[in-house]
Amino acid sequence: MDVRLRENIYWVGCVDWTVRDFHGYHTHKGSTYNAYLLGDEKTALIDTVKAPFAGQLLRRLPELTSFDRIDFVVCNHAEPDHSGALPEVMRACPRAELVCNEKCRAALGRHYDTSAWKFRVVSNGERLSLGRRGLTFIDTPMAHWPESMFTYVAEEKLLFSMDAFGQHYASSGRFDDEEPLDAVLEEARTYYANIVMPYGKQVARVLDRAAGLEIDTIAPSHGIIWRKHIGDILAAYRDWVICRPKAKALVIYDSMWQSTEKMAQAVMEGAIRPDVDAKLYHVRRSDITVLASEILDAAAIAFGTPTLNGTMMPEMAALLTYLKGLRPAGKAGFTFGSYGWAKGGAREAEDFLKEMRFEILGEPIQSQFVPTGEILEECRARGRELSDKAIALASRAR
Ligand code: FEO
């Protein structure tokens, strides 16, 4: 199956239809590991695939070229989903030089026995001629590892963007005009939220660099290739790098004997209004990967947890710990929850919000056992504040 991007430029990656857990990221739609082959007078393989797919890659390459004609293997990113096949590829391609930056060489040396590999270390902005066309390397540190880089083919206005603009999305189509745009953008958002969100500032710099390039095609390392909707994905990234808030309010909770659930439903009743996208999630009936994606563009979030053994419910602690690492920016929110004989859960959840620099919308609402009508009315009022704040933050960010 040849997937041609340009004359003598092919996608040679692998589709991982059945992967559902990608180091904790729930990949409901599978994924792909994209590699590309570019041939001129000299031939370059750009990135490889995850180790279990090395055989598939090595069976595909001889359909397009012979192993001894591959001059360069470019490694844009050392993470094993892209570099895992390198040991087999470097063994199979006797003439190939491994092209990467200095940080990548060091990282690869920590993953594999690279003693027999011929490295060609390149610097930011350096161009490697393949003949009629050339590869220009652009360092993109922390997007999303320190050694990450883009490879750009100016003659074709083609950007190999590594993880950036990618999606965990297995499909038979390879291009953005062959798959439903909404579904692809949704997976791109989930990918950004769960993988890239902590590095928004660095990715913003990457976008500035990309803005200086003429681009007709963006070929990432995961998912579909952008050739028709480049403006859509770049605009989406412009929003995501600053966690640009929408008029969206979330109520996320856990409950033991439905007391905190009653409070959550009351907060939700207050939050619902026509001009706000308000959603309620039970944390143990929801997917943490999806919740991170929802939180990326939500303006205001209420977290509810009962007190269990003096602390939060474990799934709420897991979510907040995960979010703390993802560092969502510019959010507002508050916490609530029931307790029996000692408080603790809602206050501890609030500590996480403070660490994430949430604007705190009032003291935690706490109920000893079953909430009274008065407490439920307080929850409704706070829900209204949550939505008011969501509208205010969204209009300020426009
Ligand atoms: Fe797809 Fe950061 O590896």
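Small disclaimer: the values here were computed from a predicted structure and weren't measured. First listed ligand is number 1; within each ligand, the first listed atom is number 1. All heavy atoms count here, side chains included; hydrogens, waters and symmetry mates do not.
- Applying side-chain contact (heavy atoms from CB on, under 4.5 Å) to Trp226 and the options Asp177, Val184, Leu159, Leu234 leaves one that passes, Val184.
- Using a 4.0 Å cut-off between charged nitrogen and carboxylate oxygen, Arg273 and Asp388 count as a salt-bridge pair.
- If you look at Glu79 and ask which of its N, O or S atoms sits nearest atom 2 (Fe) of ligand 1, the answer is OE1.
- Backbone or side-chain N, O or S atoms of Asp81 reach atom 1 (Fe) of ligand 1 at under 2.8 Å.
- At least one N, O or S atom of His82, from either the backbone or the side chain, sits less than 2.8 Å from atom 1 (Fe) of ligand 1.
- The backbone N or O of Ser123 sits nowhere less than 3.5 Å from a side-chain atom of Asn101 that would complete a donor-acceptor pair.
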*Determine, stepwise, if the pair Lys279 / Glu294 fulfils salt bridge (Lys or Arg N to Asp or Glu O under 4.0 Å).*
CA-CA 9 Å; Lys279 295 181 181 176; Glu294 286 283 26; 2.8 Å; yes
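- Centred on atom 1 (Fe) of ligand 1, the NE2 atom of His222 and the OD1 atom of Asp163 lie at an angle of 90°, reported to 10°.
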